[in-house]
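These notes are about the structure you will find just below.
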Amino acid sequence: MTCSKFVLPRSFFTRDTLTVARELLAKQLARRVGESDLVGKIVEVEAYGGADDPASHAYRGMTPRNQVMFGKGGFAYVYFTYGKHYCLNVTTEKEGVPGAVLIRALQPVSGIEMMRRNRRRKRLRYLTNGPGKLTEAMGITKRQNGLDLTKGGELFIREPQVEEDFEEVSTGRVGIRVGVEKPWRFYIKSNSFISRK
DNA sequence: GAGAAGATCTCCT
DNA sequence: GGAGATCTTCTCA
């Protein structure tokens, strides 16, 4: 069962990458595994561009890995890094324009017991407070690369049932060596699931 | 075909 | 607070 009226439509994603990144805060990432639903509130994101952004995978043009970033917005871009970790991005912009938003941290909403099993950790705070951690908690791997997130299938993004006020903070991006000066990281102020201060 | 770097996490001191 | 783990992907020859 999917509450499709809450699923974010294509038009949400096919906009400017920075706009999409900011508006993704406080939305819910939902993952369906068999009978179970894993849901987390998005509390931290980073925007990645194209030829204007040396930190982006798309900076040097299209490759087999990053081709999803060049398609239209609203698809999952999952890549493997550091020999251990997957990172989940949401593509943005229209067809032919590269752009993506890295989901860096979630606040668990439901399916928490399954997240604990996936992570083999008990402490709630360490289940999803980092890009490699949240993919492990939600069972996301390269198999989810290229999935359409607007269909309400095994992976999608939806409006929260209850709107909450929050204060947005923007800083330089984390864990990269170039392009650190761009204030393209956004997170919800004073949320305890942020990956780094 | 080889070499190097990477949008990170965990464990150890 | 710091280093090691570990493998995919890209670049260059």
Side-chain angles (χ1 to χ4, degrees), chain A residues 13 16-22 24-25 27 29 38 40 42-71 73-93 97-108 115-147 149 155 157 169-188 191-197:
Chain A
F13 299 103
D16 173 73
T17 303
L18 291 178
T19 304
V20 177
R22 298 226 294 271
L24 275 174
L25 289 178
K27 298 291 189 290
L29 178 70
L38 302 177
I42 297 171
V43 298
E44 180 181 350
V45 298
E46 283 178 1
Y48 286 89
D52 58 336
D53 180 8
S56 172
H57 288 171
Y59 181 58
R60 294 172 193 280
M62 188 156 62
T63 67
R65 175 170 72 159
N66 67 21
Q67 60 176 339
V68 182
M69 286 183 74
F70 288 78
F75 289 81
Y77 170 42
V78 184
Y79 66 89
F80 188 78
T81 192
Y82 291 110
K84 277 192 162 74
H85 307 291
Y86 293 99
C87 292
L88 172 66
N89 295 249
V90 180
T91 64
T92 59
E93 307 278 2
V97 180
V101 176
L102 171 68
I103 310 294
R104 285 195 55 89
L106 299 174
Q107 176 174 350
M115 293 186 195
R116 284 201 169 102
R117 284 198 299 276
N118 288 343
R119 290 272 298 131
R120 298 171 296 281
R121 292 280 181 288
K122 283 189 177 175
R123 294 281 301 277
L124 184 63
R125 194 171 161 188
Y126 299 121
L127 290 181
T128 53
N129 66 332
K133 298 179 191 178
L134 69 91
T135 52
E136 188 180 30
M138 299 198 106
I140 293 170
T141 70
K142 231 169 61 173
R143 291 180 54 192
Q144 277 71 42
N145 189 38
L147 270 186
L149 300 176
L155 188 65
I157 297 174
V169 182
S170 72
T171 71
R173 291 171 295 181
V174 179
I176 54 176
R177 292 157 55 141
V178 291
V180 291
E181 75 287 351
K182 293 183 192 296
W184 287 2
R185 172 174 179 246
F186 305 96
Y187 60 89
I188 294 177
N191 186 285
S192 57
F193 293 89
I194 300 305
S195 63
R196 300 193 208 178
K197 286 185 182 171

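Naming: A, B, ... by sequence-line order, numbering from 1 per chain.
- Where A:Glu136 and A:Ile176 each meet DNA chain B at their nearest nucleotide, the meeting point lying more 5' is that of A:Ile176.
- With C:dT6, B:dT10, B:dA7 as the choices, the nucleotide that has an atom nearest any side-chain atom of A:Tyr48 turns out to be B:dA7.
- In the interface, the side chain of A:Tyr82 is not paired with the base of C:dA5 through any donor and acceptor atom under 3.5 Å apart.
- In this entry B:dT8 has C:dA5 as its Watson-Crick or G-U wobble partner, both defining distances falling under 3.5 Å.
- Protein atom CZ of A:Arg60 is 13 Å distant from nucleotide atom C1' of B:dA4, rounded to whole Å.
- Here the C1' atom of nucleotide B:dG6 and the CZ atom of A:Arg173 are 15 Å apart, to the nearest Å.
- Here A:Arg120 lies out of heavy-atom contact (under 4.0 Å) with every strand.
- An OP1 or OP2 oxygen of C:dT9 is reached within less than 4.0 angstrom by no side-chain nitrogen or oxygen of A:His57.
- Under the 3.5 Å distance criterion, with hydrogens and angles disregarded, no donor-acceptor pair is assigned to the side chains of A:Asp53 and A:Ser56.
- Counted by atom type alone, A:Thr17 and A:Glu93 present one or more donor-acceptor pairs between their side chains at under 3.5 Å.
- Both A:Thr81 and A:Arg65 lie close to DNA chain C; mapped to their nearest nucleotides by heavy-atom distance, the more 5′-ward contact belongs to A:Thr81.
- The pair A:Arg120-A:Glu136 counts as a salt bridge, with a side-chain nitrogen and a carboxylate oxygen less than 4.0 angstrom apart.
- Taking only side-chain atoms of A:Arg177, from C-beta outward, the nucleotide of B:dT10, B:dG6, C:dT9 with the closest atom is B:dG6.
- The NZ-P distance, from A:Lys182 to B:dA7, rounds to 16 Å in whole Å.
- Figure legend: cation-pi geometry between A:Arg173 and A:Tyr48, with NZ or CZ positioned under 6.0 Å from the six-membered ring centre and within 45° of its axis.
- Counting non-hydrogen atoms under 4.0 angstrom, A:Arg185 reaches nothing in the nucleic acid.
- Note that A:Arg104 lies outside the cation-pi zone of A:Tyr187, set by a 6.0 Å cut-off to the ring centre and a 45° limit from the axis.
- Rounded to whole angstrom, the span from the CZ atom of A:Arg196 across to the P atom of B:dA7 amounts to 12 Å.
- Spacing between atom CZ of A:Arg104 and atom P of B:dA7 amounts to 11 Å, rounded to whole angstrom units.
- Look at OH on A:Tyr79: it is 13 Å from P on C:dC10, rounded to the nearest Å.
- Atom CZ in A:Phe80 sits roughly 11 Å away from atom C1' in C:dT9 (whole-Å rounding).
- Counting to the nearest Å, the P atom of B:dT8 and the CG atom of A:Asn129 are 13 Å from each other.
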